[in-house]
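Step one of this worksheet: look at the structure below.
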2 protein chains.
Amino acid sequence: MLSANSVEQVQTYNDVVVAFEAEPLCLQSLFSKQPLEQLEAGRTLFFEGDRAKHLFELVEGVLRIFKIMADGRRVITGFFYPGDLVGVSLRDRYLYSAEAVVPVSVRRFGRRAFEDTVCSSPQLRPQLLARLCDEMATAQDQMVLLSCKNAEERVCSFLLKLLRRKQGQDRSCSVVDLPMTRLDIADYLGLTIETVSRSMTKLTCKGIIAPAGRHSICIKKASMLAHLAGEGDECDDGYSSVISLDKARRRH
Amino acid sequence: MLSANSVEQVQTYNDVVVAFEAEPLCLQSLFSKQPLEQLEAGRTLFFEGDRAKHLFELVEGVLRIFKIMADGRRVITGFFYPGDLVGVSLRDRYLYSAEAVVPVSVRRFGRRAFEDTVCSSPQLRPQLLARLCDEMATAQDQMVLLSCKNAEERVCSFLLKLLRRKQGQDRSCSVVDLPMTRLDIADYLGLTIETVSRSMTKLTCKGIIAPAGRHSICIKKASMLAHLAGEGDECDDGYSSVISLDKARRRH
DNA sequence: CGATTTATTGATGCGAGTCAAGACCAGTGG
DNA sequence: CCACTGGTCTTGACTCGCATCAATAAATCG
């Protein structure tokens with residue numbers, strides 16, 4: 001298995017060179033020749049605190065990324081979906097644990113080799129930076145959500161994010177699936193399962209969503225969802241921020 | 001002013017070359033020859049959404065980093081202190097606004113030049129990655145705080161962080177100053193000023209802290225503070241996380 | 001010194017957590 | 001096929017922490 005890995009490694013490096021000359025190279029292509037690894041639902045890919053020897057490309061399935069607090073509470077800091085790279089933002093140890101929500105397949109790549117390859121390529125370097133910045137932006141969005149959105153807004157934000165991801169690949173499809181459990185969603189949104197459940201019931205009553213089995217829902221009114229998510233017209237320019245300083249100091 | 005800047009730029013590049021050959025080079029040294037810029041308290045360094053043309057080294061003072069939501073609410077995602085680099089985790093636009101909490105002095109550096117210089121230096125590259133990972137780790141800690149800590153734990157965590165920063169430079173000094181207002185603290189911790197105030201009063205009554213003027217406090221019992229912050233023995237190994245899954249599903 | 005901003009303290013209400021019961025599923029095996 | 005079982009989800013009743021509203025008190029500044 002180890003020797004097989006070495007062979008793959010060489011092939012990958014060849015690919016890099018070829019791609020470097022001809023086609024536009026992307027970070028994922030580094031992984032493309034690595035063998036697929038399967039992980040059944042509920043299994044752990046790596047633990048928080050473990051030495052971070054590898055990065056992973058998630059090929060299929062969904063991962064949950066979480067920390068366990070001293071008192072046993074779990075905080076899910078994110079979900080990863082096919083195409084995502086897991087572990088780009090780490091030093092020598094994993095900052096979090098990663099578990100398979102559903103059966104998962106990943107490709108593995110040595111962190112050191114990854115960094116070396118990326119750093120030596122003027123094409124890949126900015127892509128790595130961009131990835132990190134995206135992660136950072138996502139983390140900040142989550143902080144905003146946790147700081148000052150109420151239960152309904154949180155659930156709407158979550159559903160909206162899933163919808164947009166779905167529509168990125170298949171426009172005009174408004175059925176999103178929720179592979180994770182209610183407990184996963186609750187731990188991600190900083191709520192309890194009961195509150196998540198109640199919020200979704202409320203949205204169903206309003207006709208904004210319609211349940212389609214336990215692990216998928218149909219978005220009936222995406223615009224309403226966006227409105228309720230509190231992500232309305234993101235007025236991010238300087239003037240608006242100055243103006244709004246004397247406005248609402250309310251929390252909910 | 002512009003021409004003066006250009007001259008400084010050249011000197012900086014010379015420095016880079018010299019340092020590259022001789023002494024251990026750090027990211028801050030890139031800024032060392034840039035002119036100091038002053039910013040009075042309350043002034044904005046840059047706005048969320050502006051084109052990110054520069055990075056900044058904070059030389060003196062404190063910055064608050066925040067986003068304004070559509071309804072006018074403000075979320076402070078972090079504070080920056082002397083020695084910090086502002087803007088390392090950004091694409092082409094600032095993700096947040098930055099304001100001076102107190103009079104501030106910064107050095108400015110072109111983002112493009114910064115990235116080019118850093119990427120071409122094998123010494124600086126890992127430092128940049130490390131910075132980004134630190135930012136990411138900080139953001140995740142904040143997400144944990146916002147997800148499942150109560151008011152008192154949040155305030156304790158905040159004070160503890162300030163204490164540790166202080167002790168990093170001056171051990172055995174237990175008086176930390178709070179240059180920011182209660183409103184800043186509240187917007188950072190996802191609370192209201194009243195709750196922040198009440199929490200600190202409670203800590204005072206317990207003899208854990210003692211107010212020393214409005215903008216500084218004395219930490220009487222650092223260990224108690226750490227305990228109340230809920231950051232006790234961070235049991236981060238894999239086994240503990242498995243064990244604790246069936247434990248407490250409580251939030252406060 | 002008053003004027004204004006900022007912080008503290010108190011009274012009250014609401015949103016979400018908690019506790020508990022029941023519904024809706026898979027599976028599994030009789 | 002149905003009964004049984006363990007797990008997940010929903011719904012209801014109640015509680016409590018923190019937000020809200022309001023009134024002082026303390027600090028800062030012209």
Side-chain angles (χ1 to χ4, degrees), chain A residues 41-42 64 71-75 101-102 145-156 177-205 209-217 228 230 245-246 248-252, chain B residues 40-42 64 71-75 101-103 145-156 177-205 209-217 228 230 245-246 248-252:
Chain A
R64 59 176 163 251
D71 59 359
R73 287 176 291 187
R74 184 182 67 162
V75 182
V101 172
V102 292
L145 179 143
L146 294 170
S147 277
C148 60
K149 287 188 180 179
N150 63 24
E152 192 175 72
E153 288 171 330
R154 294 183 195 200
V155 172
C156 287
D177 37 75
L178 307 169
M180 60 292 289
T181 68
R182 296 287 187 271
L183 184 57
D184 287 334
I185 300 175
D187 285 350
Y188 179 56
L189 297 179
L191 301 171
T192 59
I193 48 175
E194 295 95 330
T195 301
V196 170
S197 184
R198 269 186 262 268
S199 298
M200 295 191 54
T201 307
K202 210 188 291 181
L203 292 176
T204 305
C205 291
I209 66 175
R214 186 167 278 188
H215 284 291
S216 69
I217 61 163
L228 287 177
L245 279 182
D246 49 9
R249 288 280 341 129
R250 216 101 297 131
R251 210 149 281 281
H252 302 311
Chain B
E40 47 187 295
R64 58 177 163 251
D71 59 0
R73 285 176 293 187
R74 182 182 69 162
V75 181
V101 172
V102 292
L145 180 144
L146 294 170
S147 276
C148 59
K149 288 189 181 177
N150 64 22
E152 194 175 71
E153 289 171 329
R154 293 182 195 200
V155 172
C156 288
D177 36 75
L178 308 168
M180 60 292 288
T181 68
R182 296 288 187 271
L183 184 57
D184 288 332
I185 299 175
D187 285 351
Y188 178 57
L189 298 179
L191 301 170
T192 58
I193 47 175
E194 295 94 331
T195 301
V196 170
S197 185
R198 269 185 262 267
S199 299
M200 295 191 52
T201 306
K202 209 187 294 181
L203 293 176
T204 304
C205 291
I209 64 175
R214 185 167 278 186
H215 285 290
S216 71
I217 62 164
L228 288 176
L245 278 182
D246 49 8
R249 288 282 338 130
R250 215 103 294 132
R251 211 150 277 285
H252 301 312

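Order of the sequence lines fixes the chain letters, A, B, ..., with proteins taken first and strands second; residue numbering starts at 1 for each chain.
Comparing D:dT11, D:dC18, C:dT8 by their closest approach to the side chain of A:S197 singles out D:dT11. Nearest nucleotide to the side chain of B:R214, out of D:dA26, D:dT8, C:dT9: D:dA26. In the set C:dT18, C:dA16, D:dT20, D:dT20 carries the atom at the smallest distance from any side-chain atom of B:T192. Set against D:dC18, D:dC9, D:dA13, the side chain of B:T195 has D:dC18 as its closest nucleotide. Here C:dA16 is the nucleotide among C:dA16, C:dA7, D:dT20 with the atom lying nearest to any side-chain atom of A:N150.
Taking atom CG on A:L189 and atom P on C:dA16, their separation rounds to 12 Å, with Å as the unit. To the nearest angstrom, C1' of D:dC9 lies 15 Å from CD1 of A:I217. As a whole-Å value, the separation of A:I193 CD1 from D:dG12 P is 16 Å. As rounded to whole Å, 13 Å separates atom P of C:dT9 from atom CG of B:L203. For the pair A:R154 CZ and C:dG15 C1', the interatomic distance rounds to 11 Å; values are reported in whole Å. Atoms CG (B:L183) and P (C:dA7) sit 8 Å apart, rounded to a whole Å. Between the CE atom of A:M180 and the C1' atom of D:dT8 there is a distance of 15 Å, rounded to whole Å. C:dG13 atom C1' lies 14 Å from atom CD of B:E194, rounded to whole Å.
For B:T195 against B:A151, the heavy-atom pair with the smallest separation is CG2-CB, 3.5 Å. Considering all non-hydrogen atoms of both residues, A:T192 and A:A186 come closest at C-CB, 3.5 Å. A:L228 approaches A:E153 most closely through the heavy-atom pair O-CG, 3.1 Å.
For the pair B:E40/B:V102, no side-chain contact is recorded, criterion being any heavy-atom separation below 4.5 Å from C-beta on.
Judged by distance alone, with hydrogens and angles left aside, B:R198 brings no side-chain donor or acceptor close enough to the base of D:dG17 to form a pair under 3.5 Å.
Although no hydrogens or angles enter the test, the distance criterion places no donor-acceptor pair under 3.5 Å between the side chain of A:R64 and the main chain of A:V101.
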